[in-house]
Amino acid sequence: MATGATLSPQEILRRAAARRQSERRWQRRIRVGCLPALLIFTCVLLSFLNTVPFVDVPSGIVDLNSFLIGGRIAISLQALFLLQLMGTWALGLVGAVVATRAAAGQGRFVAERLAILRNRASFLAWAVLALRLLFLAVVIMTLAFLYTPVLGTRLDSDLASSIWLAIQLEPLEIGVVLFVMLVSWLFGPFLRLRYSMALGALAATWSRRSDSRFWLAISARLAAGLLGMLLVLWGGALLNLISYALQNPNVGQGIPYNLPPVIASLSPLAQGTASWLAIAALLALYVAGQVFLPPLAIALARLRLARLGHGPDKPFAEVYSQAHEAQSQEAASLAETSPESS
Amino acid sequence: MIQIIPRMKLRIPAWAGVDHPIFRLEIQRLTRNRSLNFLQYSFNPLIFAGIGLTILFVAVALSSTLAFSGADNFLQGVLGWTIGILASVQVVAGAFANVLVIAQISASISGEIELQSWRLLRTTTLNLKEIVFAKLAAALLNLRLLLVGLLVLRIVTTVSAMLMVAYVLLRQILYSMSTTSLQSFFSEYQWGPILVPVAVCAFAFMTQPPIQFALNGVIGMLASAYSRTRAQAVAMGLIGRLALWVLSALFNIAASYGLGFLILGNWMQPESATIEAFRNLPRPSEMQIAWAIGLTISLYVLAILAAQLGMILLGAGMILRRARQLGV
């Protein structure tokens, strides 16, 4: 049975300071090491997936080269997509939790505090972006294999010819969708971090205790994700119902019989254009939500803090100088303890 | 304008406010419980993450049907699975919330008796009603996050179910109608017997979390008032809840069977009715049958709601009566 040793106040303070310093060091190591570690892990994972599952080729394969290239591309794309999906999910949750520290004082400096915290957490967004760029690189490589002989053998696929046919029919519409998708894909991690942090800061204003703030931020982030998912599902079902009420696909006539068949009167090309534009609009709406909702959440957090008051409102300059000072001290101590200096 | 319109303000009873000493003490006692805090704070994230990931998984799994059977079948499939998942989550989450509410509230009076502080509490200037209801309100307020999660679940399920009902109505009923019957469906309000019970059931379904919350609170408090120790109160509360659940299930089965026998077996077919009193009645029209079934379902659901509210009030009365007998 352990007996409690009595520590002097100086010793308690010294140990607390050492603990804080150790925590800061670890945070810095994670910040610096996250991206290289992730890239190394991804490369090892892809190498493993590209070699191990293709050691034994099943019998009945006519074109071995196409089978190997196609299979490896597919497995790489799936692995990268899953990894970036997990990274994006974690980015949102971590961002929301980190942002709970911004909900302090009387709310005057919430935006500035969030900016500092976002800077510190931006390494996560860069990591997700790296994964997304890797995914894009594999997509470009796939396109090169499908449509050009640049990388050696040109792969023969039915999917490639149908995609090419669709692009020739509606180049502008597909171009718009691809552009919006690319913008959302590349700027997505940063927008998601910004949105999640604003949401986390707003959720944190509902409690003063740090443990409950953590759970509230996570709840808010997950609820927002679920709401988005449900809105897509409900919106899609509602639009589908409206279109089916206007026109029964079996008989080509709608429920209000006095109305002309709206959808049937459109040509197949116009129907395709409408579908592509609807997808582009949905994506644009998603990006717009990520851009315009954070200021709203920050304003609400500021209002709530001004009303409730979570402690004194330290001036931004003071907070910033304290953070800067802490970082300088941390850097100095790291330099002192590093093996090169010794 | 602001001065003219009187300010509407919800009046919270004094015993449910932080200024009340019992309420404040109970809240402090409950918030110090770290395990309870963890359970209630992690409840919503777990539910949201679980539902979100499952819907995503279902959408990915069913996406292969998109190319073959069209967007409507895909959406209906995802909606159907979503409703199923939500219903399953509700059963588990609801049971967990029930147990937690009863377990928390069961200790409120029995704990005072066990620690021999009940008589001391009764010597204060606070009246019995304030003491009992302040304890109940504090425990329920402390577990409000569970209620929020369950309410969100119910709302999401209701909206998804409404969309599914709309799909069924459109594709199974409206599509099979001729032009004339479709026109009379709208002009003669034939949609009424469908819409009224659906709306009443949706309302009852969404109001269940707060009603169940209060009912469980009352059951827990009742068990607490009738027990001498906390352990006994928790056991009694949980057994009471289980017994009520079994009894209500049996009652619902019996009532559904009885009403079905009366309406479907006798009133609808008077010529072959088992009960003699129905044999002299004229055969009802299809519209009358539809309205009778719709209104019976609606009234039955409303009666169940009224019975639940009645049980809450009865339970509150019994708690006060018993607490008065406990001394001073």
**Message:** Atom CH2 of residue position W234(A) - does it have more than 12 heavy atoms of other residues, nucleotides or ligands inside 6.0 Å?
**Reply:** yes

**Asked** Would you say F135(A) has more than 12 foreign heavy atoms packed within less than 6.0 Å of its CZ?
**Response** yes

**Prompt:** Does CE belonging to M86(A) count more than 12 external heavy atoms closer than 6.0 Å?
**Reply:** no

**Complete:** If one checks every heavy atom of L226(A) against chain B at 4.5 Å, the contacting part turns out to be side chain

**Request:** Please indicate whether F185(B) has more than 12 foreign heavy atoms, meaning atoms of other residues, nucleotides or ligands, lying under 6.0 Å from its CZ.
**Result:** yes

**Message:** Please tell me whether Y244(A) and Y167(B) form a close aromatic pair, meaning their ring centres lie under 6.0 Å apart.
**Reply:** no

**Residue S160(B) versus chain A: region with a heavy atom under 4.5 Å** = both

**Request:** State whether the side chain of T207(B) and the backbone N or O of A204(B) hold a donor-acceptor pair below 3.5 Å, judged by distance alone.
**Result:** yes

**Request:** Specify which of A166(B), S42(B), A49(B) makes the most heavy-atom pairs with chain A at under 4.5 Å.
**Result:** S42(B)

**Message:** With a 4.5 angstrom heavy-atom cut-off, is it the side chain or the backbone of L233(A) that approaches chain B, or both, or neither?
**Reply:** both

**Request:** Output the option from L145(B), N44(B), N37(B) having the highest count of non-hydrogen pairs under 4.5 Å with chain A.
**Result:** N37(B)

**Request:** Please state whether the side chain, the backbone, both or neither of R209(A) comes within less than 4.5 Å of a heavy atom of chain B.
**Result:** side chain

**Request:** With a 4.5 angstrom heavy-atom cut-off, could you sort out which part of V156(B) is near chain A: side chain, backbone, both or neither?
**Result:** both

